[in-house]
Amino acid sequence: KAGMATQLEDVLARLLVPESAVIQEATTELKQAVKDPAIIDSLVTVLTQSADPKIRQLAAVLLRQRLIKLWPQIPLPQRTSLKQLFLQLLVLEQEHIVRNSTVQIVSVVAGNELAEGGWSELFVFLNEHCKSRDIRQREFGFYLLSAVTDTSGEQLKTNFQSLFRLFGDALLDRDSKLVPYYTIKSLTHLVEHTGEEEIRPFQSLIPNVLQVIRMLLQEDEDQAIEAMELFDELVECDVSIIVPHLKDVLEFCLEVAVSTSFSNPTRVKALSFVSWLTRLKKKTVQKKKLLPKLLTVVFSIMASSPDAEEGEEETGEDVESGLPSSFASQVLDTLALYLPPEMLFPPLMQLVEPASQSQNAYERKAALIALAVLAEGCRDFIRQRYLKAFLQGICQALSDVERVVRNAAMFALGQFSIHLQPDISNYGADILPLLFDCLAKTTAVAADDQLGLTKTYYALEMFCENLGDKLLPYLPELMSRLFAVLDTSTHVHERELAISAIGATCMRSH
């Protein structure tokens, strides 16, 4: 066995050599070695005896992978000695990265052993460390607990009462930011396993969870984002836990989302929870009269300039851009899909109408994006009451002095063309000449305004696709303009857009 462990250590050492041929040869040897049932003993030997922490860490990773499959097959006496050894390693191992990898081994073993009601020594270890007066020991104890809850949530159900008491104290630990952080990680892992009897204890922790996340936002935004995963898990698995604190949680997320002092990923994370919550608990949002404030924050984010977001200029509808302004438009889209338009429109129009006349181009853009994302969820309401007025505003914006506003108007017109049929087709005589004019202008500056060109063709194609026979009077001029682009343009993207428009027009006009 010692000889096999020595050989295995040599293989692992060669895996760390920065030469592809050496790594490939060592990988082949490792694949053969792991087929031997004695691989567990060899990996344990390397983990406990190798002088190189990188090799020990690699051995720990491999051992965890093997134990996931093989632990139930290991004889009971050997399992007992391994459990004791792993807990000893958590105390003796000085290298941070190796110790953390050993924690992952313990979590895998716990997932198996706790299912059978065993390993009381693990609970003793956790209790000693989580309640230690030594900050480092407490932090490690809660780190270990977060790993164990990830693999053993169901098996820990009989311990939930004592765990929630422990979590309550840990969230108030102000000597360490890691103890409350790992506590929230543990809570996140346990959400899907909570039952009726855990709802109230869990609910009582939410105010302190918010306080911890506020603290983390000032010290480590990445950890704050991870801690906010708890909210996502709650709305997916058991949103009733958060309902008593919904107003506080929603206002907290809006506060984070609107603050430009936080990074874009943090702000988007907060907005994503707002979107989830308004979808799942729309009646509660209405009942607690949270809609006006929600709309004010979301619209102000939509109206923010690219400088405020440290991103490139976007039209505002591209959620994949990762910009808060783009994600805010998705939140408004969600509201339009899930709230009654009679409730949504009055407070929203109080924001849209003045913004459409604002001297600030990004506020004008936000007004147009708002109209665009309303088109799907509120289609009947718009067709019956607002279509003419909204189209007038959009058509005026097609000639706005600011490019970002014109592009937003094109996007809005495209969305209206998709969702507000057949009524919008009646405005062909007003809209098509404007689109032809826009096409001529963007074609003239195609090299400098690729986004504007794309949005112009998008609006043109979406509008023409649904006109049917109503397009025939304009077909000669449209085709003439598109073929002129093919004859004169040297830009590949522009030619592709023209070909697509020709194809779509031909398909729809026959």
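The backbone N or O of L420 lies less than 3.5 Å from no partner atom in the side chain of R379, so there is not a single donor-acceptor pair. T28 places a side-chain N or O within 3.5 Å of a backbone atom of Q24 that can act as its donor or acceptor partner. Remark: side-chain polar atoms of S259 are not paired, donor with acceptor, to backbone N or O of V256 under 3.5 angstrom. At least one donor-acceptor pair under 3.5 Å links the side chain of H189 to the backbone N or O of S146. Formation of a donor-acceptor pair under 3.5 Å by the T102 side chain with backbone atoms of V98 is found in this model. No side-chain donor-acceptor contact under 3.5 Å links Q73 to the backbone of L70. In terms of modelled atom types and a separation under 3.5 Å, the side chain of S81 and the main chain of Q78 share a donor-acceptor contact. Judged by distance alone, with hydrogens and angles left aside, the side-chain atoms of Q49 form no donor-acceptor pair with the main-chain N or O of L47 at under 3.5 Å.
Under the side chain to side chain donor-acceptor pair (under 3.5 Å) criterion, E25 pairs with no residue at all, not counting sequence neighbours. Looking at residues two or more places apart in sequence or on another chain, you find a salt bridge (charged side-chain N to carboxylate O under 4.0 Å, His left out) between D380 and R383. Under the side-chain contact (heavy atoms from CB on, under 4.5 Å) criterion, E9 pairs with V46, S50, I55, sequence neighbours left out. For D232, the salt bridge (charged side-chain N to carboxylate O under 4.0 Å, His left out) partners at least two apart in sequence or on another chain are K269. With sequence neighbours excluded, the residues that form a side-chain contact (heavy atoms from CB on, under 4.5 Å) with E496 are V492, H493. Qualifying side chain to side chain donor-acceptor pair (under 3.5 Å) partners for E221, counting only residues two or more places apart in sequence or in other chains: S263, T266. Under the rule for a side-chain contact (heavy atoms from CB on, under 4.5 Å), the partners of I97 that lie at least two apart in sequence or sit in another chain are Q57.
Counting heavy atoms from C-beta outward, W71 and E113 have side chains that approach closer than 4.5 Å. In this structure the side chain of I23 never reaches within 4.5 angstrom of the side chain of R14, judged on heavy atoms. When side chains are defined from C-beta on, R99 counts as touching F140, because their heavy atoms get closer than 4.5 Å. Between L87 and W119, some side-chain heavy-atom pair lies under the 4.5 Å cut-off. Contact annotation: the side chain of I199 never approaches that of T194 to less than 4.5 Å [non-hydrogen atoms, C-beta and beyond]. With a 4.5 Å cut-off on side-chain heavy atoms, S186 and F142 do not count as touching. Within the 4.5 Å cutoff, no side-chain heavy atoms of L271 are placed close to those of R267. Using a 4.5 Å heavy-atom cutoff, the side chains of I39 and L63 are not in contact.
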Tell me which donor-acceptor pairs under 3.5 Å the side chains of residues 166-176 have, and how far apart each pair is, sequence neighbours excluded?
{"from": "D173", "atom 1": "OD1", "to": "R138", "atom 2": "NH2", "distance (Å)": "3.4"}
{"from": "D173", "atom 1": "OD1", "to": "D175", "atom 2": "N", "distance (Å)": "3.0"}
{"from": "D173", "atom 1": "OD1", "to": "S176", "atom 2": "N", "distance (Å)": "3.4"}
{"from": "D173", "atom 1": "OD2", "to": "R138", "atom 2": "NE", "distance (Å)": "2.8"}
{"from": "D173", "atom 1": "OD2", "to": "R138", "atom 2": "NH2", "distance (Å)": "3.0"}
{"from": "R174", "atom 1": "NH1", "to": "L171", "atom 2": "O", "distance (Å)": "2.7"}
{"from": "S176", "atom 1": "OG", "to": "E139", "atom 2": "OE2", "distance (Å)": "2.6"}
{"from": "S176", "atom 1": "OG", "to": "L178", "atom 2": "N", "distance (Å)": "3.1"}
{"from": "S176", "atom 1": "OG", "to": "V179", "atom 2": "N", "distance (Å)": "3.2"}

Identify each donor-acceptor pair in which a side-chain atom of residues 286-297 lies under 3.5 Å from a protein atom, sequence neighbours left out, and give them as a table.
{"from": "Q286", "atom 1": "NE2", "to": "K282", "atom 2": "O", "distance (Å)": "3.4"}
{"from": "T296", "atom 1": "OG1", "to": "P292", "atom 2": "O", "distance (Å)": "2.8"}

Report all side-chain donor-acceptor pairs from residues 235-251 shorter than 3.5 Å, counting only partners two or more places apart or in another chain.
{"from": "D238", "atom 1": "OD1", "to": "S240", "atom 2": "N", "distance (Å)": "3.4"}
{"from": "D238", "atom 1": "OD1", "to": "S240", "atom 2": "OG", "distance (Å)": "2.4"}
{"from": "H245", "atom 1": "NE2", "to": "Q203", "atom 2": "O", "distance (Å)": "2.8"}
{"from": "K247", "atom 1": "NZ", "to": "E251", "atom 2": "OE2", "distance (Å)": "3.0"}

Side-chain donor-acceptor pairs under 3.5 Å in residues 332-352, sequence neighbours left out?
{"from": "T334", "atom 1": "OG1", "to": "S275", "atom 2": "OG", "distance (Å)": "3.1"}
{"from": "T334", "atom 1": "OG1", "to": "Q330", "atom 2": "O", "distance (Å)": "3.0"}

List the atom pairs, donor and acceptor, that lie under 3.5 Å between side-chain atoms in residues 153-160 and the rest of the protein, sequence neighbours left out.
{"from": "E154", "atom 1": "OE1", "to": "H193", "atom 2": "ND1", "distance (Å)": "3.0"}
{"from": "Q155", "atom 1": "NE2", "to": "G111", "atom 2": "O", "distance (Å)": "2.7"}
{"from": "K157", "atom 1": "NZ", "to": "H193", "atom 2": "O", "distance (Å)": "3.2"}

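Atom CD of E121 has more than 12 neighbouring heavy atoms from other residues, nucleotides or ligands inside a 6.0 Å radius. Heavy-atom neighbours of E197 CD from other residues, nucleotides or ligands within 6.0 Å: above the threshold of 12. For CD of E19, the number of neighbouring non-hydrogen atoms (other residues, nucleotides, ligands) closer than 6.0 Å is 12 at most. The 12-atom threshold is not exceeded at NZ of K54, counting heavy atoms of other residues, nucleotides or ligands nearer than 6.0 Å.
The pair E229-K185 does not count as a salt bridge, with every side-chain nitrogen at least 4.0 angstrom from each carboxylate oxygen.
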- Message: Let's go through L368 and F411 carefully: what are the C-alpha distance in whole Å and the side-chain angles of both, what is the deciding distance for side-chain contact (heavy atoms from CB on, under 4.5 Å) to 0.1 Å, and is it a yes or a no?
- Response: CA-CA 8 Å; L368 292 161; F411 173 64; over 6 Å; no
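F252 and F231 have perpendicular rings, their planes meeting at more than 60° on a 0 to 90° scale where under 30° would count as parallel.
Under 3.5 Å, the side chains of Y182 and Q223 contain no donor-acceptor pair of N or O atoms.
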